[in-house]
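Worth saying up front: this structure is predicted, and the values here are computed from it rather than measured.
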Amino acid sequence: MESLGVFSVLVTACVLGVVMSQTTLSPAVTITTVSTNMSTTAPSCSSLNTSTCAACAPGSHYDNETLLCSCCPEAGLCVSPGACLPCVQGFYQPLAGQQACLPCSFGFYSNSSGSPVCQSCPTGSYSNNSGSASCTACAPGFYTSLQNSTSCNPCQQGTYCNSSSCTQCRVCPAGSEALQTASKECTPCRPGMHKLSQQTMCQICTSGFYQIQWGQENCDLCPENHYCPSPDVNPIQCPADAFCPEGSTAPGYCMETFFRKAGETCELAPVTIALLVIGGGVGLLFIIVLVLRRRRDNDSELSLARTPLLRKDRPPGRFYGIPCDAEPVYAGW
């Protein structure tokens with residue numbers, strides 16, 4: 001009986017030894033990759049032939065539960081020797097079991113690890129590098145209204161942007177303008193100029209208007225009895241002998257010597273009246289002389305018409321034996 005008990009103990013110890021030796025040996029390794037370009041299988045390992053054990057192939061990792069090499073189970077992961085690691089910021093991987101992560105392209109970014117996709121840069125920002133972990137905000141004076149932009153555009157003349165990440169530039173307020181592109185602020189309109197809210201640039205005051213202040217929306221009409229030769233000066237008092245209605249750019253005078261100002265109109269000067277009287281008298285006298293001369297000429301013509309015809313002397317002579325002054329004799333009945 002004692003020999004049977006010793007034999008049972010020895011058998012139990014052998015079995016336990018075999019079991020312990022199996023658990024400490026390297027597990028059987030079978031590599032199966034689902035990579036798009038490769039699929040390899042390594043020989044399995046056993047307690048009798050440990051030299052045939054091989055590392056997991058790229059694109060796969062060792063699974064402690066299944067004791068097998070398997071692909072990285074999720075997108076956004078790539079394999080380094082012996083483990084599945086998430087893609088770092090600025091990189092992504094949309095497929096499982098891949099050997100490397102891909103950099104985000106221009107206009108896109110990834111600000112988290114293990115990302116399966118890259119995100120578009122929002123409006124007001126840009127990215128001009130691959131593998132970007134973030135987008136760069138547009139600087140003041142620049143803007144972009146598109147997503148995944150690779151650059152920002154400068155604000156056009158007459159518009160401005162005074163902050164970063166502008167999606168569009170704004171028109172300068174009334175009475176101000178932006179003379180340069182990529183302006184961060186607006187400058188007030190100069191004297192002699194104005195700008196409405198819907199306009200982009202300051203405008204010169206029209207003729208007959210003036211403005212002597214900075215940053216004004218409208219110009220003022222030149223008042224009555226004043227004239228405004230330039231839109232950026234104060235109205236000038238009209239001279240006493242001139243006319244200056246509203247909106248005058250220069251004083252208006254009556255014709256010198258012949259006219260003079262009388263209230264709001266011009267009247268004939270005394271010298272003009274005298275000249276007119278003298279000229280009228282001379283003209284009347286000239287007309288009378290012409291009439292008398294015409295009448296005298298008519299009378300002379302009438303007297304000549306009434307005078308009888310006088311016999312004219314003829315030189316003596318003969319024609320065919322007949323004196324020239326003889327009366328003609330007609331033959332016949």
Could you check whether any side-chain N or O of Gln93 sits under 3.5 Å from a backbone N or O of Leu95, counting only pairs where one atom can act as donor and the other as acceptor?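 Pair found, side chain donor or acceptor close to backbone of Leu95.
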Please answer whether the main-chain N or O of Gly215 pairs with a side-chain N or O of Lys195 as donor and acceptor at a distance below 3.5 Å.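 Absent.
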Counting only heavy atoms not in Glu185, do more than 12 sit closer than 6.0 Å to its CD atom?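 At most 12 heavy atoms, drawn from other residues, nucleotides or ligands, come within 6.0 Å of this atom.
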Keeping to residues at least two apart or across chains, list the side-chain hydrogen bond (donor to acceptor under 3.5 Å, both in side chains) pairs with something in residues 152-181.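 Non-adjacent pairs meeting side-chain hydrogen bond (donor to acceptor under 3.5 Å, both in side chains): Asn162-Arg170.
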Can you measure from [atom1] ([X]) to [atom2] ([Y]) and round to the nearest 0.5 angstrom?
X      : Y      : atom1 : atom2 : result
Gln211 : Cys189 : CD    : SG    : 9.5 Å
Phe108 : Thr150 : CZ    : OG1   : 11.0 Å
Cys104 : Phe91  : SG    : CZ    : 8.0 Å
Cys135 : Gln147 : SG    : CD    : 10.0 Å

Can you list, by chain and residue number, the hydrophobic cluster partners of [X] when the side-chain cut-off is 4.5 Å?
X      : result
Ile212 : Tyr210
Phe286 : Leu290
Leu196 : none
Ile236 : Tyr227

For the cysteine pair [X] and [Y], state whether the SG atoms are less than 2.5 angstrom apart.
X      : Y      : answer
Cys87  : Cys101 : yes
Cys244 : Cys238 : yes
Cys169 : Cys161 : no

Among residues at least two apart in sequence or on other chains, which ones pass side-chain contact (heavy atoms from CB on, under 4.5 Å) with Gln89?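 Gln89: side-chain contact (heavy atoms from CB on, under 4.5 Å) contacts with Ala133.
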